[in-house]
Amino acid sequence: MIPIRGLFETHLTVQHLQRSMSFFGEVLGLELAQVLPERKVAFYWVGRPGDAMLGLWEAGMGPQRLSLHVAFRVDLDSMLQAAERLREANIIPLDFAGEPTDEPVVFAWMPAASLFFHDPDGNLLEFLSMLPGAPQRDLGVVAWTRWKSAQLA
């Protein structure tokens with residue numbers, strides 16, 4: 001899957017801890033750091049142990065469930081393969097508007113390439129790769145192919 005390069009630390013509420021542990025451990029390839037079954041929480045290292053951590057807290061179906069967004073830093077080469085890799089894992093890659101896509105979008109004001117997707121509990125996740133070069137605020141949010149065309153012009 002896509003190697004995640006940075007963030008420390010963030011937490012997600014999940015409906016089923018074991019299902020989410022399978023998703024984050026097996027599908028996304030994060031290393032399990034600690035499980036506290038009595039608290040219904042699992043922690044994963046993001047990148048190298050000690051660099052960043054993700055906590056998964058089982059909240060069940062109750063009204064306390066939060067809707068959160070987490071962005072994981074990835075290399076550009078990985079970003080450009082992310083839509084295909086996500087589809088191979090039966091995950092729908094999404095653009096900034098939440099529509100299915102086959103390519104990243106670019107936040108031209110940063111600039112950064114981005115691709116969104118959901119985990120099994122519906123949490124919104126994002127792969128993000130900072131891009132070299134100066135921001136182009138006038139472009140807004142554009143598809144990767146449009147960004148590349150603008151760079152060649």
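No experiment lies behind these values; they were computed from the predicted model shown.
Nearest approach of Pro111 to Gly133, heavy atoms of both residues: CD-O, 3.7 Å. Residues Phe127 and Ala82 come closest through the heavy atom pair CD1-CB, 4.0 Å. Scanning all heavy atoms of the two residues, the minimum distance from Val46 to Met53 falls at CG2-C, 4.1 Å. The shortest heavy-atom contact between Thr13 and Ala59 is CB-CB, 4.1 Å. When all heavy atoms of Ala150 and Leu139 are compared, the pair lying nearest together is CB-CD1, 3.9 Å. Taking every heavy atom of both residues into account, Glu58 and Gln15 meet most closely at CG-O, 3.5 Å.
For the atom pair Leu125 CG and Leu28 CG, the distance stands at 7.0 Å (nearest 0.5 Å). Put simply, OG on Ser78 and CZ on Arg73 are 12.5 Å apart, with the number rounded to the nearest 0.5 Å. For the atom pair CZ of Arg85 and CD1 of Ile91, the computed distance is 12.5 Å after rounding to the nearest 0.5 Å. Annotation: the span from Gln81 atom CD to Glu88 atom CD amounts to 9.5 Å, rounded to 0.5 Å. Rounding to the nearest 0.5 Å places CG of Leu76 at 7.5 Å from CE of Met79.
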Query raised in the report: Step by step, would you call Leu94 with His118 a side-chain contact (heavy atoms from CB on, under 4.5 Å)?
Result: CA-CA 9 Å; Leu94 305 169; His118 290 103; 3.4 Å; yes

**Report entry** Working for side-chain contact (heavy atoms from CB on, under 4.5 Å), residues Phe23 and Val14
**Finding:** CA-CA 11 Å; Phe23 178 80; Val14 300; over 6 Å; no

Query raised in the report: Does the side-chain contact (heavy atoms from CB on, under 4.5 Å) test come out yes or no for Val106 and Gln136, once each step is laid out?
Result: CA-CA 10 Å; Val106 174; Gln136 295 184 343; over 6 Å; no

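Taking the side chain as every heavy atom from C-beta outward, Phe117 and Ile2 never approach each other to under 4.5 Å. Thr101 places none of its side-chain heavy atoms less than 4.5 Å from the side chain of Trp144. Side-chain atoms of Phe24 and Leu12, non-hydrogen and from C-beta on, do get closer than 4.5 Å to each other. Annotation: side chain of Leu115 is in contact with side chain of Leu86 (closest heavy-atom distance under 4.5 Å). Here the side chains of Pro93 and Arg87 are in contact, with some heavy-atom distance below 4.5 Å. Side-chain contact between Val70 and Glu126: absent, with no pair of heavy atoms (C-beta onward) separated by less than 4.5 Å.
Ala42 meets the side chain to side chain contact (heavy atoms under 4.5 Å, CB included) test with Leu17, Met21, Leu32, Val35, Tyr44; sequence neighbours excluded.
Within 6.0 Å of the CD atom in Glu84, the count of heavy atoms belonging to other residues, nucleotides or ligands does not exceed 12. Crowding of Leu36 atom CG: a count of heavy atoms from other residues, nucleotides or ligands under 6.0 Å exceeding 12.
With Asp119 contributing its side chain and Asp121 its backbone, the two residues share a donor-acceptor pair below 3.5 Å. Asp75 places no side-chain N or O within donor-acceptor distance of the main-chain N or O of Asp77, the cut-off being under 3.5 Å.
Between Phe107 and Phe116, the ring planes are perpendicular. Angles over 60° get that label, and only those under 30° would be called parallel. Using a 30° and 60° split on the angle between ring planes, Phe43 and His11 fall in the perpendicular class, above 60°.
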